[in-house]
Amino acid sequence: MIDIRLVRSEPEELRRALARKGAGELLDDLIEADEAWRQLTSRVDELRARTKLKGKPGPEELAALQQVKVDLQETEAALTEADKRRAELLDRVPNPPAPDVPDGTSEEDAVEVKRVGEPADFAFEVRDHVELGGFDLERGARLSGSRFAYRRGAIALVELALYRFALAKVMDHGFEPVLPPVLVRAEAMYGTGFLPTDEVNIYRVERDDLYLTGTSEVALASIHQDEMLDGRELPARYAGYSTCFRREAGAAGRETRGAFRVHQFDKVEMFAFTDPELSPEEHERILSIEEEIVQSLDLAYRVVCTAAGDLGPSAAKKYDIEAWFPSQERYREITSCSNTTDYQARRLNVRYRREDRSLGLVHTLNGTAMTARVLIALVETRQQADGSVDVPAVLADYGAPQTFKYCHQRRTVAP
RNA sequence: GGAGGGAUGGCAGAGCGGACGAAUGCGUCGGUCUUGAAAACCGUUGUGUCCUCACGGGCACCGUGGGUUCGAAUCCCACUCCCUCCGCCA
């Protein structure tokens, strides 16, 4: 949610920023709805003030009060309507982009910030992760439909090692490990900005009116809902490991091969609550932790800053790390980190007490420490001529084999 | 799944339908005392929203949503969550 006071005090400036996200008209509607709401509010307040009295009323007074009651009912009904319209708009207006975010509306408009490492040069024909083995997609599809994958054997161990490795890394940087619920109430989805805008991409369990989270960001942001944090204890940093569920509604037919885009994957997510002044600094810090992790796995990557119009509703600014995928011969997103400023904090009502006892909204930030996509980049990057894969030594401590090769045994016999 | 009990300020915990935004304790912050601190004592201390340049004022908020009433923390209904017991299951 944006700051309604800013809407009233700086409408032109805010409109320019929101127009970059394509939400200029939405703001105009909000301004109008807010004005109507304010007028009705003061009328209701005035009527209510008249009903206040000390002790019992006399008979004449009572008659007057009964009339006030009728007027109040009418005005309150109008206010309820006005409030509903205003709240709906307030729910939909996105967080304005930060000034240093590039213009544009699509992935192609992102600005490259830096490029690290050289894409591997293979002297043999490159296999993709499906050909290298361990991803059982046919059986995944038979079980659950397309975009579901079993990971089997060595791959399962490497993947788990990646999560455990990333968790250890972020713990070194002060993040508390958290295993969060993945089934949450609508409130948490609204609070984090996934509802109402992103509704089509969310799995819903209708019978119990719960939603499956597409990232542990939802549960981590909500960890301090309605709380007042001690300013001296900020930043509060959490690292969630969870399975993530996404309907991928807009992506029908796209990238159907392999496990690159699936409905269910696992992720280690960093999440921070900070003093508002320090969130840009924390954002850079989270990015640098992501880079540290990617670098320690020897992946070639680049960092891009997402264009304003391509940002989600909550994000004011977002960096993605894109790793080189040898089979696709291009850089693809493997991590993403956003500064959501006070947008989620206002919706979730997460505040902090300053030294001078005053209260303020915190800023929240999130970033990917590890996902299954890293596993794909890793196996493709470290494949050998014979189809085996050389696993980075840093993962050995976390249970990964040093090397592995799949022989495509299907454990079935001819009919 | 069944039977009870509960939800009030940062926390704990009182609260006859009107004087209750709400006792009290702890905590907070300020002060006295002290070389300094602790203890003690005195004082202070909710949040949101609207109007106002400001001083200040109005309104709302006692789990959530409805209802009764001129008037609800208080009475009624529904829901959510927590606790205890019983049953069932991992």
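None of these values were measured; they are calculated from a predicted model.
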Please give the distance between the P atoms of B:U84 and B:G30 as a whole number of Å.
41 Å
Nucleotide paired to B:A19 in any strand shown, Watson-Crick or G-U, under 3.5 Å:
none
Please check the phosphate of B:U47 (OP1 and OP2 only) for any side-chain N or O of A:Arg353 closer than 4.0 Å.
yes
How many Å lie between CG on A:Leu47 and C1' on B:C50, as a whole number?
15 Å
Starting at CD of A:Gln67 and ending at C1' of B:U69, how long is that distance when rounded to a whole Å?
17 Å
If I take atom CG in residue A:Asn349 and atom C1' in nucleotide B:G46, what distance separates them, rounded to the nearest angstrom?
14 Å
Write down the partner of B:G9 under the Watson-Crick or G-U wobble criteria, each distance required to be under 3.5 Å.
none
Strictly below 4.0 Å: does A:Arg38 bring a side-chain N or O up to OP1 or OP2 of B:C51?
yes
Could you say whether A:Arg351 or A:Val44 is positioned toward the 5' end of RNA chain B, judged by the nucleotide with the nearest heavy atom to each?
A:Arg351
Using modelled atom types and a 3.5 Å cut-off, is there a donor and acceptor pairing between side-chain atoms of A:Gln344 and backbone atoms of A:Thr192?
yes
Candidates B:C50, B:G10, B:C70 - which lies nearest the side chain of A:Met228
B:G10
Separation of B:G10 C1' from A:Arg354 CZ (nearest whole Å):
17 Å
Using atom CD of A:Glu76 as one end and atom P of B:C70 as the other, report the distance to the nearest whole Å.
15 Å
Can we call the ring centroids of A:Phe148 and A:Tyr150 under 6.0 Å apart?
no
Pairing partner of B:G43, by Watson-Crick or G-U wobble and under 3.5 Å for both distances, is B:C29
With a 3.5 Å limit on both atom pairs, tell me what B:U84 is paired to, counting Watson-Crick and G-U wobble, or say none.
B:A3
B:G18 to B:G71 separation - C1' atoms, rounded to the nearest Å:
7 Å
Applying a 4.0 Å non-hydrogen cut-off, can you work out what A:Arg5 is touching in the nucleic acid: base, sugar-phosphate, or nothing?
sugar-phosphate
Using Watson-Crick geometry (N1-N3 plus N6-O4 or O6-N4) or G-U wobble (N1-O2, O6-N3), each under 3.5 Å, B:A78 is paired with B:U64
Nearest heavy-atom contact between A:Ala249 and A:Val200 is CB-O, 3.6 Å
Check the distance between B:G9's C1' and A:Asp226's CG and give it to me in whole angstrom.
15 Å
B:G46 P sits how many Å from A:Glu227 CD, rounded?
21 Å
Counting heavy atoms from C-beta on, name the nucleotide in B:C50, B:C59, B:G10 closest to the side chain of A:Asp45.
B:C59
C1' atom, B:G27 versus B:A12: distance in rounded Å?
10 Å
P spacing across the pair B:A40 / B:G46, given as an integer number of angstrom
24 Å
Considering only B:C70, B:C59, B:C50, which nucleotide approaches the side chain of A:Ala49 most closely?
B:C59
How far, in whole Å, is B:A73 from B:G65 if one measures between their P atoms?
13 Å
As a test of reading the structure: which of B:U49, B:U80, B:U69 is closest to the side chain of A:Arg185, going by heavy atoms?
B:U80
Between A:Arg86 and A:Leu359, whichever has its closest RNA chain B nucleotide further toward 5' is A:Leu359
Other residues, nucleotides, ligands: >12 heavy atoms within 6.0 Å of A:Glu281 CD
no
Return the value, rounded to whole Å, for the distance between atom CZ of A:Arg48 and atom C1' of B:G57.
17 Å
Pairwise C1' distance for B:G21 and B:U45, with rounding to whole Å
13 Å
Could you check whether A:His224 and A:Tyr238 have their ring centres less than 6.0 Å apart?
yes
Distance between P atoms of B:G43 and B:G25 (Å, rounded):
11 Å
Are the aromatic rings of A:Phe325 and A:His129 close, with centres under 6.0 Å apart?
no
Spacing of the P atoms in B:U35 and B:U47 (rounded, Å):
37 Å
Do A:Asp226 and A:Leu348 come close enough that some side-chain heavy atom pair is under 4.5 Å?
no
Mind checking who B:C59 pairs with, Watson-Crick or G-U wobble, both distances under 3.5 Å?
B:G48
Going by purine N1 to pyrimidine N3 plus the second Watson-Crick contact, or the G-U wobble pair, all under 3.5 Å, which nucleotide sits opposite B:A54?
none
For B:C89, the Watson-Crick or wobble counterpart (both distances under 3.5 Å):
none
